[in-house]
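If you read the sequence from its start, that first residue is 1, and numbering goes on from there. Keep in mind that what you see is a predicted model, and the values were worked out from it rather than measured. Each ligand, and each atom within it, is numbered from 1 in the order the structure gives.
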Amino acid sequence: MKPPEVDRLAGSRAAVAARRARAEVKKQVSRGERSASEVLSTASRDATVPEASLRVTELIGSIPWLGPTRTARIMQDLRISPSKRLGGLGVHQYQRLHEFLVRRQAPRAGDGTGHRSRLVVLAGPTAVGKGTVAGYIRDHHPEVLLSVSATTRPPRAGETDGITYYFVDDAEFDRMVAADEFLEWATVHNAYRYGTPRGPIERALSDGRSVLLEIDLQGARQVREAFPEAELVFLLPPTWEELVRRLVGRGTEDEQERERRLQTARTELAAQEEFDHTVVNTDVEIAAREVVGLMAV
Ligand code: 5GP
């Protein structure tokens, strides 16, 4: 049965409008007004936007200096079929494509800027002082973006929503997971969930800024999967006794919570071999300088 004339007309008008919108996106990418990685994340967040129906080949083909031959080879390397649209990518395809785009966009050493943007992950055992080192970097190195995580943990005294964390409830965290808004997320200390929102990181990296994530070990491993070029830094206490002193000295957790954190710390300390760098946190300023130094190479 043929659809009534008015429906067909409306349908073809919508198709023309969608084609125009896609053409506009391609133009924006080719003129450098939008980064390809940002177009990809926009597509991944909402299946109804024009970006979602853009083919991957069209997106890659719009990047300046990439002709059809190189585009075809890149598609093969990424193991994505030429008919795939941005909104229809599997998780691993998305990650491969995203990583490729971000890496291409990052300013390279020797490009005149003297540096390239880096994603640095700072992990380490509980109470080793990751938060203090990260806070020092946030306050003294505005050129580095310190990612703000979302968490289901309630705020402690003195913590500010949007600065320390985005404090969200379980339903909102579920929604963010379902919408693929996290670069990584994990349940920490078997209690609350914590996740790294991907949008701000992608934007900062494509703007040539370096990004610092202060997350737990499970998160660090996920980031390594998604961004193999990320630098993983393990912050060490000067001694185990010092770590215990810091953990107990903070006094913000009850006995059961402290024992749980100590157990996590023992396991986490054992993981330092997986990391690219270790930094001993004897002095916050020196440790921070070492971490920032890794972004400059
Ligand atoms: P706290 O509740 O003391 O602020 O943080 C507890 C732990 O959660 C810390 O080890 C911290 O590194 C980790 N954490 C904070 N944000 C994130 C995140 O976005 N992802 C992951 N995986 N861990 C996080």
For this session: Just let me know how Arg156 lines up against ligand 1, side chain, backbone, both or neither, with a heavy-atom cut-off below 4.0 Å.
Result: side chain
For this session: Would you mind running through ligand 1 and noting each atom that sits below 4.0 Å from a heavy atom of Tyr165?
Result: 1 (P), 4 (O), 5 (O), 15 (C), 16 (N)
Problem set entry | Side-chain donor or acceptor of Arg198 paired with backbone N/O of Phe182 under 3.5 Å | yes
Exercise. Heavy-atom contact under 4.0 Å between Tyr192 and ligand 1?
Worked result: no
Seminar exercise, completed: Under 4.0 Å from one or more heavy atoms of Ala186, ligand 1 contributes atoms 22 (N)
Exercise. Between Glu172 (side chain) and Asp169 (backbone), is there a donor-acceptor pair under 3.5 Å?
Worked result: no
For this session: Would you check whether Gln218 has a nitrogen or oxygen atom less than 3.5 angstrom from a nitrogen or oxygen atom of ligand 1?
Result: no
For this session: Would you check if the side chain of Arg153 reaches a backbone N or O of Ala191 as a donor-acceptor pair within less than 3.5 Å?
Result: no
Problem set entry | Ligand-side contact atoms (ligand 1) for residue partner Gly195, heavy atom cut-off under 4.0 Å | 18 (C), 19 (O)
For this session: Check whether any N or O atom of Glu159, backbone or side chain, sits under 3.5 Å from an N or O atom of ligand 1, and answer yes or no.
Result: no
Exercise. Are the side chain of Asp283 and the backbone N or O of Glu285 linked by a donor-acceptor pair below 3.5 Å?
Worked result: yes
Exercise. Are any side-chain N or O atoms of His141 and backbone N or O atoms of Ile137, one a donor and one an acceptor, separated by less than 3.5 Å?
Worked result: no
Exercise. What is the distance from atom OG of Ser83 to atom CE of Met75, rounded to the nearest 0.5 Å?
Worked result: 8.0 Å
Problem set entry | Glu214 N/O to ligand 1 N/O under 3.5 Å | yes
Problem set entry | Ligand-residue contact atoms, ligand 1 with Val188, heavy atoms, under 4.0 Å | 7 (C), 8 (O), 23 (N)
Exercise. Looking only at atom types and distance, does a side-chain atom of Thr187 sit under 3.5 Å from a main-chain N or O of Arg193, one as donor and one as acceptor?
Worked result: no
